[in-house]
Amino acid sequence: MPPGAPAVKAECARLKVPLDYRNPKGRQAEIAVLRVPARGQDPIGSLVLNPGGPGFPGTEHAAVTAAVWAKSPITERFDLVGFDPRGVGASTPALDCYTDAERDRGAKLSSIPAGIDDWTRQETRRLVEQCAERSGGMQVLAHVGTRDVARDMDVLRQVLGDEKLTYAGSSYGTRLGAVYAEMFPKKVRALVLDGAFDPYAGTYERRVQQATGMQASFERMAASCGTQQEQDCPLGTNPKRASQVFQKLVRPLIDKPARTSDGRGLTYEQAVEGVTAALYSKALWPVAIAGIAELKAGKGDTLLKLRDTYHGRTADGGYPDSLEATMTINCLDEERHTPKQETALNRAWFKAAPFTDPGRPVKEARDGCEQWPVKPTLGYPYATDIKALPDTLTVSVTGDPATPHEGGINLAKALGGSLLTVEGEQHGALLAGNACVNDAVAAYLIDLKSPADGARCKL
């Protein structure tokens, strides 16, 4: 387990699956699995977990969830099972595209939002070459999409001895759960989907929804700060002008990074990323505000720390491969854009989220995945018109910046399932420690009792 993971009594194993399911006797992948046994004497079975990303390891997530739910009836009745999806964490082959030094120098992990340093054609070719070289070959890059992972999850279900799957997924984990439901509807017992990806929204639409959600959260953060005296709030007292105030402060970093005590400096992209990371939870808003105030005084330590935490950077400068895996898995899941489409998306992003806009014209943006060895494998829309699916539970936070509430409404509708609306300002609610959410989720998972229509909780 990584440093800082809670100490829980757990069992570990590796699950062997075909890298390519069309060639079951060919090359194998090994999936890292961690199980925290149920606390009670009468377990229902396994609760399989996914923390999102895509690219975040589920083994560590299972340990964290077990610690947060230590007194929950859920951990009494279920073994919690986390797995690192193929290519992720301790699973092999593992996705790896950059060295730690390249990550420190601002290696590109997404084409959104770019604006200052867009991909060139040569860079997209180099990206696929070095990802393949460091991850075990082009064949690996062709078989890490969500549909492959859903198949792995069905093998895991059988190996665990569960007749049907009981699952809880957050963020991207809602896409994985929905795709599993589409591929194996008769094998579903219960699905909790928290912080939903919208199955109807293609890549362009979903990214713009996300940008809109981030901007709304940024303005609400500015409003929470602007209720103080102006001299106390580095974003001023008018939330509608906060983006301009923020950009005036960070654009000089494009040419000259702010100083930091470790000597690395804070770049423009890192400052925007640090603030964006803080939007994922209202609890981090004061940290971002303090970082913006500190930047006003010429120092970038707090925002750099927020950015580093988001990237998982350790004190000695090491990085996990999670965000590299995110990028690589998205190359198979998201729609592949031409430069014209990607340029339009970047322009739409900056229009929807002006707090991220460096103020330079987007000339030509490119999709980092444009040279990928295979076409995308997910398809849009997905998980619609599924026959014979039992009731599912989508949990959706009204002020979620990363997966806006509208996506939760749409996912519940697509699956014909129940929706629990949670009033609050953060990404997802499953581990928020909220009694109302916990009770509803426990009743659903244990007794298959869904919340009433229109059910709401408040964080």
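Computed over heavy atoms, backbone and side chain alike; hydrogens, waters and symmetry mates excluded. This chain uses plain numbering: 1 for the first residue, then up along the sequence.
Atoms CG and CZ, on Leu127 and Arg125 in that order, are 12.0 Å from each other to the nearest 0.5 Å. To the nearest 0.5 Å, atom CD of residue Glu370 and atom NE2 of residue His337 are 12.0 Å apart. Summarising the geometry, atom CG belonging to Leu378 is positioned 5.0 Å from atom CG belonging to Asp333; distances are rounded to the nearest 0.5 Å. Interatomic distance, Ile31 CD1 to Thr59 OG1, rounded to the nearest 0.5 Å: 11.5 Å. Note that the CD atom of Gln270 and the CG atom of Leu303 stand 10.0 Å from one another [nearest 0.5 Å]. Note that CG of Leu266 and CG of Leu304 are 5.5 Å apart. Values are rounded to the nearest 0.5 Å.
Counting only distance, with no hydrogens or angles, the side chain of Gln215 and the backbone of Phe355 share a donor-acceptor pair below 3.5 Å. Thr392 places no side-chain N or O within 3.5 Å of a backbone atom of Leu191 that could act as its donor or acceptor partner. A donor-acceptor contact shorter than 3.5 Å links the side chain of Arg189 to the backbone of Leu445. Checked by atom type and distance alone, the side chain of Asp400 pairs as donor or acceptor with a backbone atom of Gly428 at under 3.5 Å. In this structure a side-chain-to-backbone donor-acceptor pair under 3.5 Å is missing from Ser46 to Val48. When atom types are taken as modelled, the side chain of Glu60 and the backbone of Gly58 share no donor-acceptor pair closer than 3.5 angstrom. When atom types are taken as modelled, the side chain of Thr174 and the backbone of Ser171 share a donor-acceptor pair closer than 3.5 angstrom. When atom types are taken as modelled, the side chain of Tyr319 and the backbone of Ala101 share no donor-acceptor pair closer than 3.5 angstrom. Asp79 places no side-chain N or O within 3.5 Å of a backbone atom of Arg35 that could act as its donor or acceptor partner. A donor-acceptor distance shorter than 3.5 angstrom exists from the side chain of Gln341 to the backbone of Thr338, with no hydrogens or angles considered.
We find that Arg307 and Glu269 are not joined by a salt bridge, their nearest charged nitrogen and carboxylate oxygen being 4.0 Å or further apart. Comment: Lys187 does not engage Asp154 in a salt bridge, judged by the lack of any side-chain N to carboxylate O separation of less than 4.0 angstrom. Under a 4.0 Å N-O distance rule, the pair Glu342/Arg366 does not qualify as a salt bridge. With respect to Glu123 and Arg126, no salt bridge is recorded, no charged nitrogen being found less than 4.0 Å from a carboxylate O.
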Between Glu182 and Arg147, does the salt bridge (charged side-chain N to carboxylate O under 4.0 Å, His left out) criterion hold? Intermediate values first, please.
CA-CA 10 Å; Glu182 180 196 302; Arg147 293 194 179 278; 3.0 Å; yes
Derivation of the side-chain hydrogen bond (donor to acceptor under 3.5 Å, both in side chains) call for Ser91 and Arg86
CA-CA 6 Å; Ser91 292; Arg86 52 172 61 208; over 6 Å; no
Given Glu102 and Arg134, is the salt bridge (charged side-chain N to carboxylate O under 4.0 Å, His left out) satisfied, shown in steps?
CA-CA 14 Å; Glu102 286 168 331; Arg134 295 168 186 179; 3.0 Å; yes
Pair Leu323, Phe56 - check side-chain contact (heavy atoms from CB on, under 4.5 Å), show working.
CA-CA 8 Å; Leu323 295 184; Phe56 296 156; 4.1 Å; yes
Which is it for Glu425 and Trp285 under the side-chain contact (heavy atoms from CB on, under 4.5 Å) test, yes or no, and what are the steps along the way?
CA-CA 10 Å; Glu425 296 281 349; Trp285 289 2; 3.7 Å; yes
Chi angles and distances behind the side-chain contact (heavy atoms from CB on, under 4.5 Å) call for Arg264, Asp308
CA-CA 12 Å; Arg264 283 158 60 209; Asp308 284 352; 2.9 Å; yes
Decide yes or no on side-chain contact (heavy atoms from CB on, under 4.5 Å) for Thr403 and His427, but give the supporting numbers first.
CA-CA 7 Å; Thr403 51; His427 180 36; 3.2 Å; yes
Could you give me the CA-CA distance, side-chain angles and deciding distance for Arg103 and Glu324, then say whether salt bridge (charged side-chain N to carboxylate O under 4.0 Å, His left out) is met?
CA-CA 10 Å; Arg103 291 287 298 275; Glu324 290 156 59; 2.5 Å; yes
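In the displayed structure, Lys282 atom NZ is contacted under 6.0 Å by at most 12 heavy atoms of other residues, nucleotides or ligands.
Of all heavy-atom pairs between Gly89 and Pro57, the closest is CA-CB, 4.4 Å. Listed here is the closest heavy atom pair of Gly55 and Val88: O-CG1, 3.2 Å. Shown here for Ala258 and Gly300, the closest heavy-atom pair between the two residues is CB-N, 4.2 Å. Listed here is the closest heavy atom pair of Ala277 and Leu306: CB-O, 4.1 Å. The shortest heavy-atom contact between Pro199 and Ala414 is CG-CB, 3.8 Å. In terms of heavy-atom proximity, Cys457 sits nearest to Asn434 at CB-OD1, 4.2 Å.
With no hydrogens or angles considered, a side-chain donor-acceptor pair links His405 and Ser396 at under 3.5 Å. In this model, no donor atom of one side chain and acceptor atom of the other lie less than 3.5 Å apart for Tyr167 and Arg157. When only modelled atom types and interatomic distance are considered, Thr75 and Arg39 share a side-chain donor-acceptor pair under 3.5 Å. Looking at Tyr21 and Asp152, their side chains do bring a donor and an acceptor atom within 3.5 Å of each other. Judged by distance alone, the side chains of Glu334 and Tyr204 never bring a donor and an acceptor atom under 3.5 Å apart.
Inter-residue side-chain proximity for Asp321 and Leu95 is flagged as unmet; no heavy-atom pair is nearer than 4.5 Å. With a 4.5 Å cut-off on side-chain heavy atoms, Val188 and Leu165 do not count as touching. When side chains are defined from C-beta on, Tyr180 does not count as touching Asn50, because their heavy atoms never get closer than 4.5 Å. Proximity of Pro93 to Ser135: side-chain heavy atoms (C-beta onward) are nowhere separated by under 4.5 Å. At least one side-chain heavy atom of Trp69 sits under 4.5 Å from a side-chain heavy atom of Leu47. Inter-residue side-chain proximity for Asp391 and Leu448 is flagged as unmet; no heavy-atom pair is nearer than 4.5 Å. For the pair Gln209 and Asp198, the minimum side-chain heavy-atom distance is below 4.5 Å. Within the 4.5 Å cutoff, no side-chain heavy atoms of Asp367 are placed close to those of Trp372.
Among Thr146, Thr326, Asn330, the single residue meeting the side-chain hydrogen bond (donor to acceptor under 3.5 Å, both in side chains) criterion with Tyr172 is Thr146.
Taking the six-membered ring where the residue is Trp, Tyr310 and Tyr280 present tilted rings, their angle falling between 30° and 60°.
The ring-ring contact (aromatic ring centres under 6.0 Å, His included) analysis of residues 70-96, with sequence neighbours excluded, yields no pairs.
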